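Shown below is the structure under consideration.
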Amino acid sequence: MKALVDADSFYVSCERVFRPLLNGRPVVVLSNNDGCLISCSREAKALGLRVGQPYFEAAGLLTLHGGEALSANFSLYTDMSARLMRTLERFAPRVQVYSIDEAFLDGGSRLPTGGEWADWASAIRTTVRRDTGLPVSIGVAPSHVLAKLACEKQAKHSAEGIGILIDPTVIFRALEETPVEAVWGIAERLGQRLKRAGLWTAAQFARAPDPLIRRLTSLTELRLAWELRGVPTLDPGDIRAPRKTIFCSRTFAVPTRRWEELREAVATYTARAAERLRAQRSEAGAVRVAIRTGLFHPDEPFHGDAAFVRLPAPSAHTPTLTAASIHALQTIYRPGFAYARAEVLLAELSDARTHPTNLFDPEDEAKRVRSIRLMNAMDRINAEYGRDTVWTAICGRGVLRRLRQANRSPRYTTCWEELPIARAS
DNA sequence: TCTGGGGTCCTAGGACCC
DNA sequence: TCTGGGGTCCTAGGACCC
């Protein structure tokens with residue numbers, strides 16, 4: 001049996017833990033630059049607001065109903081997520097962290113059987129609420145996709161916040177009531193393709209012959225069908241496992257035509273990505289840089305391009321990676337365009353601990369060891385005294401580094417200066 | 001005026017090899 | 001008219017997730 005634990009409106013709930021006055025009101029959390037909605041409270045959803053919607057479309061309605069929009073505070077959310085996952089580890093031998101706000105708990109000898117699933121799930125909800133302040137919904141079923149369905153279709157709509165899909169007739173009824181594009185892993189495009197072939201509901205999809213599914217879609221969707229039949233075929237992975245690629249990108253608060261500013265941005269994103277690279281003890285074998293102009297200005301000429309550069313040897317050394325990414329940028333930059341976004345991708349990652357020692361060139365090897373020590377020192381200083389305490393000069397302090405964040409809450413749990421203060425009254 | 005930032009997996013097709 | 005058969009590796013792009 002699998003259980004999916006999913007925090008309700010996670011980012012909004014994190015904010016509410018420290019500002020209970022936000023409870024019961026329409027609240028949204030915004031993406032970087034206060035661009036889009038990335039989390040909506042139940043009350044905000046009731047107003048018709050949706051994740052992904054641009055903020056300027058939602059602002060009026062939100063104000064009208066006494067709502068509030070908060071800038072994203074990822075330091076807070078990341079820390080709250082870690083607290084949530086630690087709490088869940090008390091309830092199952094195996095916890096697979098699937099995203100910042102979801103985890104699968106896997107059945108084991110410590111889990112109850114039969115009719116006790118609801119009690120077990122209920123205990124999890126109570127404990128998480130007490131220890132972290134976060135509301136969660138829980139779905140229990142024989143496979144990951146069914147657990148997700150139990151969570152989305154039943155738990156989220158019930159007062160208890162718990163959905164159980166174990167009995168085959170109950171499962172089948174739930175599948176009949178679920179449109180095929182509401183299945184986890186099937187979105188609009190695939191949904192249309194399946195419906196054109198007559199598969200309108202999750203039940204029809206699950207019962208379709210394998211060759212038909214395979215002809216219409218890929219292997220991924222065939223596995224989904226098996227999951228809906230109650231056979232686990234998916235390994236949802238764990239976000240704490242080492243990443244295979246590391247990505248850092250931003251849309252600029254103000255577009256730029258200047259090479260120097262673009263170079264600063266690319267250098268900065270490379271440094272950020274390299275920091276995460278070292279945190280997971282990896283090295284990158286290649287760097288990919290992409291830039292593009294804005295998407296929403298039809299009068300501005302469009303240009304977008306990407307370049308992939310392979311390094312002579314895998315590296316986690318920020319200056320080495322930066323030199324590669326700036327070289328890549330040089331090959332794609334075209335003067336005169338108003339660039340609105342840059343991306344840096346570190347690829348071909350390998351384990352830094354297995355980097356072969358260069359026995360034949362002791363000098364080169366000594367240089368490599370020194371560079372690792374330097375990077376470690378930089379990371380430790382920035383961890384202790386704040387992210388931008390030391391940085392490489394090419395990153396600059398340019399305008400592109402700043403984001404619009406009109407309404408960011410304090411980093412209540414990760415910054416001494418911003419701890420909440422309790423006063424006796 | 002104002003539209004995010006991460007990831008994963010799969011497939012098709014091109015280039016190349018013998 | 002008729003133009004092999006088997007492989008690998010790489011990349012772009014599609015589709016999905018939160």
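Below, read A as the first sequence line, B as the second, and so on, with proteins coming before strands; counting in each chain starts at 1. Keep in mind it's a predicted model, so treat the numbers as computed, not measured.
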*Do you know which two heavy atoms are closest between A:Glu418 and A:Arg411, and how far apart they sit?*
OE1-N, 2.5 Å
*A:Asp101 CG to B:dG6 C1': how many Å, rounded?*
14 Å
*Please state whether the phosphate of B:dG5, meaning OP1 or OP2, lies under 4.0 angstrom from any side-chain nitrogen or oxygen of A:Arg276.*
no
*asked:* Regarding A:Ile186, tell me which of base, sugar-phosphate or nothing describes its non-hydrogen contacts under 4.0 Å with the strands shown.
replied: sugar-phosphate
_From the set B:dG6, B:dC10, B:dG7, return the single nucleotide nearest to any side-chain atom of A:Ser249._
B:dG6
_Within the 4.0 Å heavy-atom criterion, would you say A:Arg193 contacts the bases, only the backbone, or no part of the nucleic acid?_
sugar-phosphate
*Pick base, sugar-phosphate or nothing for A:Tyr98, based on heavy-atom distances below 4.0 Å to the nucleic acid.*
sugar-phosphate
_Atom of A:Arg50, atom of A:Lys45 and distance for their closest heavy-atom approach_ = NH1-O, 3.3 Å
*How close or far is atom P of B:dC2 from atom CZ of A:Phe252, stated in whole angstroms?*
16 Å
*Counting heavy atoms from C-beta on, name the nucleotide in C:dC18, C:dA15, B:dT8 closest to the side chain of A:Lys244.*
B:dT8
*asked:* Cation-pi check for A:Trp226 against A:Arg229: NZ or CZ below 6.0 Å from the six-membered ring centre and within 45 degrees of the axis, yes or no?
replied: yes
_C1' spacing across the pair C:dC17 / B:dG4, given as an integer number of angstrom_ = 15 Å
*Do the side-chain N or O atoms of A:Lys148 get closer than 4.0 angstrom to the phosphate oxygens (OP1, OP2) of C:dC17?*
no
*Can you tell which of B:dG4, B:dT11, B:dG6 lies closest to the side chain of A:Ser31?*
B:dG4
*asked:* Heavy atoms from C-beta onward define the side chain here; which of B:dC9, B:dG6, C:dC17 lies closest to that of A:Arg223?
replied: B:dC9
*Whole-Å distance between B:dC2 C1' and A:Phe56 CZ?*
6 Å
*Taking any strand in view, what nucleotide pairs with C:dT8 in a Watson-Crick or G-U wobble way, both distances under 3.5 Å?*
B:dA15
_Applying salt bridge (charged side-chain N to carboxylate O under 4.0 Å, His left out), can you list everything that pairs with A:Arg86, at least two apart in sequence or on another chain?_
none
*Could you state the CG-P distance from A:Leu234 to B:dT8, rounded to the nearest angstrom?*
15 Å
*Would you classify A:Glu188 as touching base, sugar-phosphate or nothing, given that sugar-phosphate means primed atoms plus P, OP1 and OP2, and contacts are heavy atoms under 4.0 Å?*
sugar-phosphate
*Among the nucleotides B:dG6, B:dG7, C:dC17, which one has an atom lying closest to any side-chain atom of A:Trp184?*
C:dC17
*More 5' along DNA chain B: A:Arg404 or A:Arg214, using each one's nearest nucleotide?*
A:Arg404
*asked:* On DNA chain B, compare the nucleotides closest to A:Gln53 and A:Ile246; which residue's is nearer the 5' end?
replied: A:Gln53
*asked:* Whether A:Arg189 contacts C:dA15 is assessed here as follows: a side-chain N or O lying under 4.0 Å from the phosphate OP1 or OP2. Is that the case?
replied: yes
*Under 5.5 Å between ring centres and under 30° between planes: true for A:Tyr55 and the base of B:dT3?*
no
*Over how many whole Å does the gap from A:Ile100 atom CD1 to B:dG5 atom P extend?*
15 Å
*Decide ring-ring contact (aromatic ring centres under 6.0 Å, His included) for A:Trp120 and A:Phe91; before the verdict, give the C-alpha distance in whole Å, the side-chain angles of both, and the deciding distance to 0.1 Å.*
CA-CA 8 Å; A:Trp120 175 69; A:Phe91 289 90; 7.3 Å; no
*In whole angstrom, give the distance that lies between atom CZ of A:Phe74 and atom P of C:dC18.*
16 Å
*asked:* Applying a 4.0 Å non-hydrogen cut-off, can you work out what A:Asp34 is touching in the nucleic acid: base, sugar-phosphate, or nothing?
replied: nothing
*Please work out whether the ring planes of A:Tyr11 and A:Phe74 are parallel, tilted or perpendicular, with thresholds of 30° and 60°.*
perpendicular
*Compute whether any side-chain donor of one residue and acceptor of the other, for A:Tyr269 and A:Glu264, lie under 3.5 angstrom apart.*
no
_Interatomic distance, A:Tyr269 OH vs B:dG4 P [rounded to whole Å]_ = 13 Å
_For a quick check of understanding: with a heavy-atom distance under 4.0 Å over all strands, which category does A:Glu57 fall into, base, sugar-phosphate or nothing?_
nothing
*Could you tell me whether A:Ile38 contacts a base, only the sugar-phosphate backbone, or nothing, with contacts defined as non-hydrogen atoms closer than 4.0 Å?*
base
*Measure from the side-chain heavy atoms of A:Phe308 and tell me the nearest of C:dT11, B:dG7, B:dC9.*
C:dT11
_Taking the minimum atom-to-atom distance to the side chain of A:Asn32, which one of C:dC17, B:dT8, B:dG5 wins?_
B:dG5
*Go through C:dA15, C:dC17, B:dT11 for me and flag the one nearest to the A:Ser218 side chain.*
B:dT11
*Between A:Arg257 and A:Glu300, is there a side-chain N and carboxylate O pair less than 4.0 Å apart?*
yes
*Rounding to a whole Å, what distance do you find between A:Leu190:CG and B:dC9:P?*
17 Å
*Go through B:dG6, B:dT8, B:dG4 for me and flag the one nearest to the A:Arg250 side chain.*
B:dG6
*Is the distance from OP1 or OP2 of B:dG5 to the nearest side-chain N or O of A:Thr251 less than 4.0 Å?*
yes
*asked:* Strictly below 4.0 Å: does A:Arg341 bring a side-chain N or O up to OP1 or OP2 of B:dG4?
replied: no
*What's the closest nucleotide to the A:Ala187 side chain, out of C:dA15, B:dG6, C:dC17?*
C:dC17
